[in-house]
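Notes follow once the structure below has been shown.
Atoms within a ligand are numbered from 1 in the order they appear, just like the ligands themselves. Note that the coordinates shown come from a computational prediction; the quantities given were computed from them, not determined experimentally. Starting from 1, each residue takes its place in the sequence as its number.
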Amino acid sequence: MTRLILVLGDQLSDDLPALRAADPAADLVVMAEVMEEGTYVPHHPQKIALILAAMRKFARRLQERGFRVAYSRLDDPETGPSIGAELLRRAEETGAREVIATRPGDWRLIAALEALPLPVRFLPDDRFLCPAEEFARWAEGRKQLRMEWFYREMRRRTGLLMEGGEPAGGKWNFDAENRKPAAPDLLRPRPLRFEPDAEVRAVLDLVEARFPRHFGRLRPFHWPTDRAEALLALDHFIRESLPRFGDEQDAMLADDPFLSHALLSSSMNLGLLGPMEVCRRAETEWREGRAPLNAVEGFIRQILGWREYVRGIWALSGPDYMRSNGLGHSAALPPLYWGRPTQMACLSTAVAQTRDLAYAHHIQRLMVTGNFALLAGVDPAEVHEWYLSVYIDALEWVEAPNTIGMSQFADHGLLGSKPYVSSGAYIDRMSDYCRGCAYAVKDRTGPRACPFNLLYWHFLNRHRARFERNPRMVQMYRTWDRMEETHRTRVLTEAEAFLGRLHAGEPV
Ligand SMILES: Cc1cc2nc3c(=O)[nH]c(=O)nc-3n(C[C@H](O)[C@H](O)[C@H](O)COP(=O)(O)OP(=O)(O)OC[C@H]3O[C@@H](n4cnc5c(N)ncnc54)[C@H](O)[C@@H]3O)c2cc1C
Ligand code: SF4
């Protein structure tokens, strides 16, 4: 009896559990490009194009490996509107009575598959280094889930950067040597760019025709769309940029959107690269003396630590996590996030890059767009929808904990011990944005005062009951309390006026 083997757009791995469970002679692999997946949020056109192009190439790879593949194209009038509709159509065509699926990383899709009038057997997604049950065991009984402790466990368990049971270099974390500002450098290596082949070009035309109103530029498109390209991108990053990764990890430059970042998240999230192969490649560079430990440890921590940790939080927390709103924020997302011009150079730069590239690096996402939304009291569900829409690597399991937990502190402190908020001083220290800004980062009040300076204190003041006893925030409240009362009143009044203009949709 034929079974249907479901392969989703982010499950493009040769060793996918559902493919390992398949009998190529008897079973039918189902892959489907459907409108619902392209529109449940307004995904960036480059993100849709990447997923469709990578699916088409992966389907061919499966056929070459001897699988029978039923592939439904978006432009085929027979194609149904959703994954569920396509599975039912294929079941009717073949008489199949069971679906085998690798558990999706999206609660919406899990619920849709569970609701089908066709049994779906979910296999755990073992492409992650920490299985969901193990994460749940680690989390059990802990009051707070801190990434740092989880990361140390993962180092011990995998042996990555370990020497005789101790962390390489005698420390778990070399961040004290990282987090430097960066200067423009014309010789800084650029990420590898892949010119679209005929197959990718056809997908770009299709996306242009079908999703004309989604925010974001479709072209130029340079993302890796199959494993061979992803391996080239990995090689290039390891050789050219990894040695500077630590130093430049938190820096921001208006004219250099990539600095020494890897641009590998989309390849890893779609399954074209495995997290362990990426970490091992980086470790080898250090062991063979080609990259310093601060860079390699910092890079491995992002994957072995953060990436696995947010996966664990997502699996543990269930679908309600997406509705968390621990600080009770309810403002609408300001139109500047969708490209309405703003005089704030930092936001204008980060949003323009996002529009053009479907990419912004971590500190732009956390300390510019995320910081501002949090300070401005935006509803975390709207912030979540924006991040899920606009980035090339955005999938619910990784985007939601980063946005709702890390960036918006909406999960009641499950993921982070304090909110990531800052005044303009942090952005000024880590970037060159403020030099070209209509606002003055040094002004704490007045007509040109940097909005981050006003909103930072407004945020702390309005959430005083929640944060003033947080040991990591006591000092901030002391500083606020030491200011002259008249100054504090002026800051709050100007912040209110700014928020009034922002939320009324006036230009800021
Ligand atoms: C508000 C917010 C939303 C985010 N949304 C996403 C998302 O939808 N998808 C996504 O993959 N990452 C997300 N991140 C994490 C991080 O910003 C991206 O992984 C990173 O910018 C991808 O670019 P890169 O490959 O150049 O990463 P690098 O900076 O070069 O890092 C190397 C790798 O580490 C991993 N990594 C780094 N930080 C994180 C993190 N916090 N969580 C998980 N993995 C991490 C990624 O796989 C990345 O490719 C988000 C962060 C924030 C603050
Ligand atoms: S002055 Fe303020 S608003 Fe302008 S770029 Fe600097 S931090 Fe951003």
Side-chain angles (χ1 to χ4, degrees), residues 10 47 105 147 191 233-234 237 241-242 245-246 248-250 252 254 257-270 273 275 278-279 282 295 298-311 313-314 342-350 358-374 380 383-384 386-408 415-416 420 422-443 448-456 508:
D10 62 346
K47 177 182 174 190
M147 198 290 289
L234 170 62
F237 164 72
S241 302
L242 177 63
F245 178 85
E248 301 191 336
Q249 202 177 339
D250 286 6
M252 299 175 278
F258 307 123
L259 288 140
S260 296
H261 289 276
L263 275 80
L264 291 174
S265 49
S266 60
S267 297
M268 274 191 274
N269 295 354
L270 298 196
L273 294 175
V278 176
C279 290
F299 179 71
I300 287 181
R301 176 152 29 95
Q302 305 311 311
I303 297 170
L304 184 67
W306 281 112
R307 189 172 187 273
E308 293 294 325
Y309 173 74
V310 299
R311 174 72 184 192
I313 298 261
W314 171 83
T342 169
Q343 299 194 80
M344 289 182 276
C346 52
L347 277 161
S348 169
T349 309
Y359 179 83
H361 68 68
H362 187 69
I363 293 301
Q364 293 175 302
R365 298 187 205 193
L366 187 63
M367 298 311 292
V368 179
T369 43
N371 186 9
F372 187 75
L374 178 57
V383 187
H384 159 56
W386 185 77
Y387 279 98
L388 188 57
S389 305
V390 300
Y391 289 113
I392 195 78
D393 52 23
L395 303 175
E396 183 188 272
W397 67 264
V398 54
E399 176 278 328
N402 269 299
T403 302
I404 290 168
M406 188 188 307
S407 155
Q408 298 303 296
L415 192 141
Y420 282 96
S422 80
S423 66
Y426 173 84
I427 295 173
D428 191 32
R429 187 164 67 249
M430 297 310 298
S431 79
D432 61 358
Y433 298 147
C434 301
R435 277 175 236 163
C437 187
Y439 292 101
V441 71
K442 299 274 189 273
D443 288 7
R448 292 187 64 227
C450 164
F452 283 86
N453 293 348
L454 300 171
L455 298 185
Y456 174 72
V508 289

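Side-chain atoms of N453 come within 3.5 Å of backbone N or O of V441 as a donor-acceptor pair. Using a distance-only test at 3.5 Å, with no hydrogens or angles considered, a donor-acceptor pair links the side chain of T342 to the main chain of V508. Without hydrogens or angle criteria, K47 side chain to L388 main chain gives a donor-acceptor distance under 3.5 Å. Without hydrogens or angle criteria, R365 side chain to A360 main chain gives a donor-acceptor distance under 3.5 Å. The main-chain N or O of D393 is found under 3.5 Å from a side-chain atom of N269 such that the two form a donor-acceptor pair. When atom types are taken as modelled, the side chain of H361 and the backbone of I363 share a donor-acceptor pair closer than 3.5 angstrom. Between the side chain of R448 and the backbone N or O of A438, at least one donor-acceptor pair lies under 3.5 Å. For the pair T369 (side chain) and L347 (backbone), a donor-acceptor distance under 3.5 Å is absent. The backbone N or O of V398 lies less than 3.5 Å from a partner atom in the side chain of N402, making a donor-acceptor pair.
Taking only nitrogen or oxygen atoms, main chain and side chain alike, T403 does not reach within less than 3.5 Å of ligand 1. The distance criterion of under 3.5 Å between nitrogen or oxygen atoms is not met by H361 with respect to ligand 1. On a distance-only criterion, L263 and ligand 1 share at least one N/O pair closer than 3.5 Å. Residue Y359 places at least one N or O, backbone or side chain, under 3.5 Å from an N or O of ligand 1.
Here the heavy atom of the protein found nearest to atom 13 (C) of ligand 1 is R365 NH1, 3.5 Å. For atom 49 (O) of ligand 1, the closest heavy atom belonging to the protein is S265 N, 3.2 Å. Counting protein heavy atoms only, atom 9 (N) of ligand 1 is closest to D393 O, 2.9 Å. Annotation: atom 17 (O) of ligand 1 to nearest protein heavy atom, H362 ND1, 3.1 Å. From the protein, the heavy atom lying nearest to atom 14 (N) of ligand 1 is N402 ND2, 3.6 Å. At the top of the distance list for atom 39 (C) of ligand 1, counting protein heavy atoms only, stands W306 CB, 4.0 Å. When hydrogens are left out, the protein atom nearest atom 34 (O) of ligand 1 is Q302 CB, 3.1 Å; that is the closest non-hydrogen contact. If you check which protein heavy atom lies closest to atom 33 (C) of ligand 1, you get I303 CG1, 3.8 Å.
Every atom of ligand 1 with a heavy atom of R307 under 4.0 Å away is listed here by number and element: 43 (C), 44 (N), 47 (O). Residue H261 approaches ligand 1 through these ligand atoms, each under 4.0 Å from one of its heavy atoms: 26 (O), 28 (P), 29 (O), 30 (O). Shown in contact with M406 at under 4.0 Å from a heavy atom are these atoms of ligand 1, numbered in order with element: 41 (N). Ligand 1 places these atoms under 4.0 Å from at least one heavy atom of M268: 47 (O), 49 (O). Set against the non-hydrogen atoms of F299, the atoms of ligand 1 under 4.0 Å away are 32 (C). Close contacts between ligand 1 and N269 involve ligand atoms 9 (N), 10 (C), 11 (O) [criterion: under 4.0 Å to a heavy atom]. If you number the atoms of ligand 1 from 1 as listed, the ones under 4.0 Å from a heavy atom of S407 come out as 1 (C). Of all atoms in ligand 1, numbered sequentially from 1 with element shown, those under 4.0 Å from a heavy atom of L366 are 53 (C).
A heavy-atom separation below 4.0 Å is found between F245 and ligand 1. Within the structure, the closest approach of Y387 to ligand 1 falls below 4.0 Å when heavy atoms are considered. Every heavy atom of F258 sits 4.0 Å or more from the atoms of ligand 1.
Judged as a salt bridge (charged side-chain N to carboxylate O under 4.0 Å, His left out), and not counting sequence neighbours, D432 has no contacts. R307 meets the salt bridge (charged side-chain N to carboxylate O under 4.0 Å, His left out) test with no other residue; sequence neighbours excluded. In terms of the side-chain contact (heavy atoms from CB on, under 4.5 Å) criterion, residue partners of T403 (sequence neighbours excluded) are, by chain and number, V383, H384, Y387, E399, Q408.
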Practice problem: Applying ring pair (Phe, Tyr, Trp, His ring centres under 6.0 Å), run through F299 and F237 and close with a yes or a no. | Solution: CA-CA 11 Å; F299 179 71; F237 164 72; 4.9 Å; yes
Self-check item: side-chain contact (heavy atoms from CB on, under 4.5 Å) between D428 and K442, worked out
Solution: CA-CA 9 Å; D428 191 32; K442 299 274 189 273; 3.5 Å; yes
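For atom 4 (Fe) of ligand 2, protein N, O or S atoms under 2.8 Å: 1 in total.
Atom-to-atom distance recorded for C434:SG and M344:CE is 12.0 Å, nearest 0.5 angstrom.
Between Q249 and G298, the shortest heavy-atom distance links the atoms NE2-O, 4.3 Å. In terms of heavy-atom proximity, P257 sits nearest to Y359 at O-CE2, 3.7 Å.
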